[in-house]
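Read the numbers this way: they start at 1 and go in the same order the structure lists the ligands and their atoms.
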Amino acid sequence: MSFESLLAAWDGEEVVVRRDEPTDTWMFVGVHSTVLGPAMGGTRMKAYPDPQDGLRDVLRLSRAMTLKQAVADLPYGGGKAVLAVPEVPPAGSDARRTLFLRYAELIGSLGGTYVTAADMNTGQADMDVIGERCPHVLGRSRERGGAGDPAPNTAVGVFHGILATVDHVFGTRDLAGRSVMVQGVGAVGSRLVDLLHEKGARIAVADTEPERAKAAAERVGASVVDLDHVIGTECDVFSPCATGGVLSAWTIPALRCAVVAGAANNQLETPHDAERLVEAGILYAPDYVINAGGVIHLAGYETLGWSKEQMASRLEAIGDTLTEMFRTARAEAITTDDAAERMARARISSARRDRAQENGFS
Ligand code: NAI
């Protein structure tokens, strides 16, 4: 597919493309929607086989951010950026600093239409560098006035989401004795394991880094499952907290769980996989709803000035949002993914109507 046909098939507002010759990097910024506020979403840095793959990621991921921000009820629209680099520069290197200073100038030139944050292969230190040149950045370190790592609160949100999902299926939020398979015990998964353990869940973990799996398992008395056996592991809750695309035509028939509820982004390989889960009798907590704790953390602390109590109640509300979606999905015989998208679109349409009225159009 050419650049033109990729863009023609996209329903967003604006894409900015910069070919940054000195750093040999393609910079893509996707502003999918600014109806609810500035387009906010992370910057992914990756060596793509072809820059077009970076553009494809920006288009797809910025659209998903619009839905995520809307369902989380934050004053942000959806955006995403990609730095398609020849190779990821090492952390702390001059080359990396130069790249992020140049990239910050690009974000600054957009005047706040796009607000960035960390994503795959980018982190707090990079956000600090961006913050030296422009204010449109969330997720800087605490020393630089940011809210720090959002992962612990992402885990808290996923935990509340699991409680709501379990409640909908089993009629009780009690996790004592419930079995949970956590795939990936990195920043989010390892914190989630601790929260589940405190509530008496029986936990199994898996990670491509054996040391991480072992450390989490020893901490909470969990069992470690071979990577090849994660999908077939019998459990009440399967919690993907590693990579995307884990729910597909191949994996869904092999799942032995009642519920899928985890942090990983883009869990469904295709939209049709939401229907496959329904057919398999598995309740799916849409990924961008249950993992919104990260954006809630950033927007709540850095933009909206929330207290810890306000943050705790908004993270808990992720469970209420899911419950509402599960009820809609059941009542209307649609997938939970469709119910989530419907909620997001309703919020965006209502904001668009309000804006039109303010501008004198009706
Ligand atoms: P992380 O990189 O800290 O942890 C991911 C873990 O998964 C690592 O320990 C890695 O070794 C492991 N892993 C990778 N592939 C695996 C596989 N095939 N099987 C088992 N383990 C595997 O990432 P983090 O921050 O914990 O995020 C986890 C997921 O949640 C990602 O998909 C991320 O996009 C998503 N997410 C994270 C947020 C955050 O605040 N950190 C916010 C929203 C979503």
Side-chain angles (χ1 to χ4, degrees), residues 40-46 57 60-61 64-65 67-69 71-72 74 78 80 82 88 91 116-124 126-127 138-139 146-162 181-195 203-217 219 222-233 238-248 250-251 260-269 285-302 311 315 318:
M40 193 260 264
T43 297
R44 174 169 291 199
M45 176 161 59
K46 199 171 156 185
D57 258 1
R60 187 173 59 88
L61 298 169
M65 285 308 293
L67 301 178
K68 180 187 273 200
Q69 306 280 13
V71 168
L74 294 171
K80 202 86 181 180
V82 158
V88 173
T116 200
D119 194 75
M120 185 189 287
N121 290 330
T122 62
Q124 276 180 46
D126 304 311
M127 299 307 112
L138 300 178
D149 185 5
N153 273 340
T154 300
V156 173
V158 172
F159 172 71
H160 288 300
I162 289 177
M181 170 76 243
V182 181
Q183 180 189 42
V185 277
V188 177
S190 64
R191 178 76 190 112
L192 176 64
V193 159
D194 293 341
L195 295 168
I203 303 163
V205 297
D207 200 293
T208 42
E209 302 287 332
E211 285 309 311
R212 282 192 196 165
K214 192 164 163 250
R219 212 171 55 241
S223 55
V224 176
V225 171
D226 280 353
L227 295 175
D228 293 346
H229 296 139
V230 170
I231 294 300
T233 293
F238 171 44
S239 187
C241 295
T243 55
V246 284
L247 305 171
S248 69
W250 294 272
T251 58
V260 175
N265 274 313
N266 310 311
Q267 291 172 31
L268 302 174
E269 193 174 73
D287 47 16
Y288 63 84
V289 182
I290 193 169
N291 73 15
V295 283
I296 292 174
H297 172 93
L298 294 175
Y301 282 144
E302 294 192 31
M311 181 60 68
L315 294 172
I318 288 176

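Between the CZ atom of Phe159 and the CD1 atom of Ile290 there is a distance of 11.0 Å, given to the nearest 0.5 Å. We find the CG-CG distance between Asp207 and Leu227 to be 7.5 Å, quoted to the nearest 0.5 Å. Here the CG-NZ distance, from Asn265 to Lys68, works out to 4.5 Å after rounding to the nearest 0.5 Å. Met65 contributes atom CE, which lies 5.5 Å from atom NZ of Lys80 (distance to the nearest 0.5 angstrom). Put simply, CD on Gln183 and CD on Gln267 are 9.0 Å apart, with the number rounded to the nearest 0.5 Å.
Residue-ligand proximity, Glu209 to ligand 1, at heavy-atom distances under 4.0 Å covers atoms 11 (O). Here is the list of ligand 1 atoms found below 4.0 Å of a heavy atom in Leu227: 19 (N), 20 (C). Listed by number with element, the atoms of ligand 1 under 4.0 angstrom from any heavy atom of Gly184 are 7 (O), 21 (N).
At a 3.5 angstrom cut-off on N or O pairs, Val188 counts as close to ligand 1. In terms of N/O distances under 3.5 Å, ligand 1 is approached by Thr154. Below 3.5 Å of separation, one finds no N or O of Gly189 facing any N or O of ligand 1. At least one N or O atom of Ala242 sits closer than 3.5 Å to an N or O atom of ligand 1. Polar contact with ligand 1: present for Asp207 (N/O pair, distance under 3.5 Å). Checked by distance only, ligand 1 and Arg212 come closer than 3.5 Å through their nitrogen or oxygen atoms.
Looking only at distances, a side-chain donor or acceptor of Gln69 sits under 3.5 Å from a matching main-chain atom of Met40. With hydrogens and angles ignored, the 3.5 Å screen pairs no side-chain donor or acceptor of Glu302 with any backbone N or O of Gly146.
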- Item | Worked verdict on Thr122 versus Thr43 for side-chain hydrogen bond (donor to acceptor under 3.5 Å, both in side chains) | CA-CA 7 Å; Thr122 62; Thr43 297; 5.9 Å; no

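Protein non-hydrogen atoms do not reach within 4.0 Å of atom 23 (O) of ligand 1. Within the 4.0 angstrom cut-off, atom 4 (O) of ligand 1 has one or more protein heavy-atom neighbours.
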